[in-house]
Protein chains: 2
Amino acid sequence: MSKSLLELTPVQAVACCSPVTRDPLSAEAAERIAPLVKAIADPVRLRLLSLVSSHADGEACVCDLNDAFDLSQPTISHHLKLLHEAGLLEREKRGVWVYYRVNAGALSDLATLLGGVTA
Amino acid sequence: MSKSLLELTPVQAVACCSPVTRDPLSAEAAERIAPLVKAIADPVRLRLLSLVSSHADGEACVCDLNDAFDLSQPTISHHLKLLHEAGLLEREKRGVWVYYRVNAGALSDLATLLGGVTA
DNA sequence: TATCTATATTGACGGATGTCGATATGTGGT
DNA sequence: ACCACATATCGACATCCGTCAATATAGATA
């Protein structure tokens, strides 16, 4: 049996829908999609996503990421958590270090949803 | 001569950049892109965009849009203003009514920026 | 066990955001 | 001129969000 909607990340909960520009979005669908968009609606999180994605081997250690910002370590940790909970970043602990990598399909699913397909 | 960056809508200010997933985003670029993403990071605004886009002739009157929500008229007006200022909706007054239509390229530019291209 | 380092969590604070009711503005009809 | 209607703006309020300093947790090493 499939997992409850409530156990899915925003990305998983949204992977089904047609682009926003083709059919009127139901209130329920909009409520599912919005948190995913909110997750990337911040300059720090956009840069984090970009840094991880373009990093060697497609993954980056938190220690590398901290250095790229003039922000406290807890703040970066907070943003990484939000991206992870949204399903956009995957988290792997290796020894003392934590590595993040982008969930490959997630961003493109989102892009499709936003109407890239109808261009 | 070209207009100042400050006079451009977020969409115009961003139309130049490569996808977020390919190169590390500069802090400045991230600060330009984030407001655009924020503009669609709300369930009401997502539905507004979707309603306008999928409406007959690609345009919708504010009076139609108000009826689709259990929200006050000023609230819908507020969200439409945000979408317009972001460059995602165009506004045209005809008589007493105001019609909005989606800026055709804007959403797809945004989708491309978010990495749809690298899928 | 003790200690050092990497990362996460907590609690607090200021500023941004979504919503409303009241009001203003603008347009057409009488 | 006046009124009715469509839309926008204003001011207030509650909630959410980004940030920090302080602290907790967990792994490695001695």
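Every chain is numbered from 1 and lettered A, B, ... according to where its sequence line falls, protein lines coming before strand lines. Nothing here was measured: the structure is a model prediction, and the numbers come from that model. Just so it is clear, the values below take in all heavy atoms, side chains as well, and ignore hydrogens, waters and symmetry mates.
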Fill in: Shortest non-hydrogen contact from A:Pro24 toward B:Leu51
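Heavy atoms only, the tightest pair is CB-CD2, 3.9 Å.
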Practice prompt. Tell me which residues in residues 63-76 of chain B put a heavy atom below 4.0 Å from DNA chain D, sorted by number, or none.
Written response: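 Heavy-atom contacts with DNA chain D come from B:Cys63, B:Gln73, B:Pro74.
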Worksheet item: Any salt bridge (charged side-chain N to carboxylate O under 4.0 Å, His left out) pairs touching residues 54-65 of chain B, not counting sequence neighbours?
Response: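 Qualifying pairs: B:Glu59-B:Arg94, B:Glu59-B:Arg101.
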Item to complete: Drop me the distance from A:Trp97's CH2 to A:Glu92's CD, to the nearest 0.5 angstrom.
Response: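 Between atom CH2 of A:Trp97 and atom CD of A:Glu92 there are 14.0 Å.
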Discussion item. Working to the nearest 0.5 angstrom, can you tell me the gap between A:Leu36 CG and A:Leu88 CG?
Written reply: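 Here the interatomic distance stands at 5.5 Å.
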Expressed in angstrom and rounded to an integer, what is the separation of [X] atom [atom1] from [N] atom [atom2]?
X       : N      : atom1 : atom2 : value
A:Leu82 : C:dT7  : CG    : P     : 18 Å
A:Tyr99 : C:dA8  : OH    : P     : 13 Å
A:His78 : D:dC17 : NE2   : C1'   : 7 Å
B:Arg47 : C:dG18 : CZ    : P     : 16 Å
A:Asp42 : C:dT17 : CG    : P     : 11 Å
A:Trp97 : C:dA6  : CH2   : P     : 7 Å
B:Lys81 : C:dA24 : NZ    : P     : 17 Å
A:Lys38 : D:dT15 : NZ    : C1'   : 12 Å

Fill in: Residue closer to the 5' end of DNA chain C, B:Val44 versus A:Ser77 (nearest nucleotide)
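Its nucleotide being nearer the 5' end, the pick is A:Ser77.
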Worksheet item: Which part of the nucleic acid does B:His79 contact within heavy-atom distance under 4.0 Å: base, sugar-phosphate only, or nothing?
Response: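 Here B:His79 touches the backbone only, sparing every base.
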Worksheet item: Knowing that exactly one of A:Leu82, A:Val102, A:Leu65, A:Asp42 qualifies, which makes a side-chain contact (heavy atoms from CB on, under 4.5 Å) with A:Leu48?
Response: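 With A:Leu48 as partner, A:Leu82, A:Val102, A:Leu65, A:Asp42 yield a single side-chain contact (heavy atoms from CB on, under 4.5 Å), made by A:Leu65.
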Distance-only donor-acceptor hits, side chain of residues 69-81 of chain A, under 3.5 Å, sequence neighbours excluded:
from	atom 1	to	atom 2	distance (Å)
A:Ser72	OG	A:Thr75	N	3.3
A:Ser72	OG	A:Thr75	OG1	2.9
A:His79	ND1	A:Arg45	NH1	3.0

Please confirm whether the backbone N or O of [Y] pairs with a side-chain atom of [X], one donor and one acceptor, at under 3.5 Å?
X        : Y       : result
A:Ser50  : A:Leu46 : no
B:His84  : B:Glu90 : no
A:Ser53  : A:Leu49 : no
A:Lys93  : A:Val98 : no
B:Asn103 : B:Gly87 : yes

Item to complete: Take the C1' atoms of the five end pairs on each side of the helix from C:dT1-D:dA30 to C:dT30-D:dA1, derive the two axes, and give their angle rounded to 10 degrees.
Response: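 For the helix from C:dT1-D:dA30 to C:dT30-D:dA1, the axes at opposite ends meet at about 20°.
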Worksheet item: Which letter, B, S or -, goes with each nucleotide of nucleotides 25-30 of chain C from 5' to 3', with contact meaning a protein heavy atom under 4.0 Å?
Response: -SSS--
Fill in: N/O (side chain, A:Arg91) to phosphate O (OP1/OP2, C:dT7) under 4.0 Å
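No, outside the criterion.
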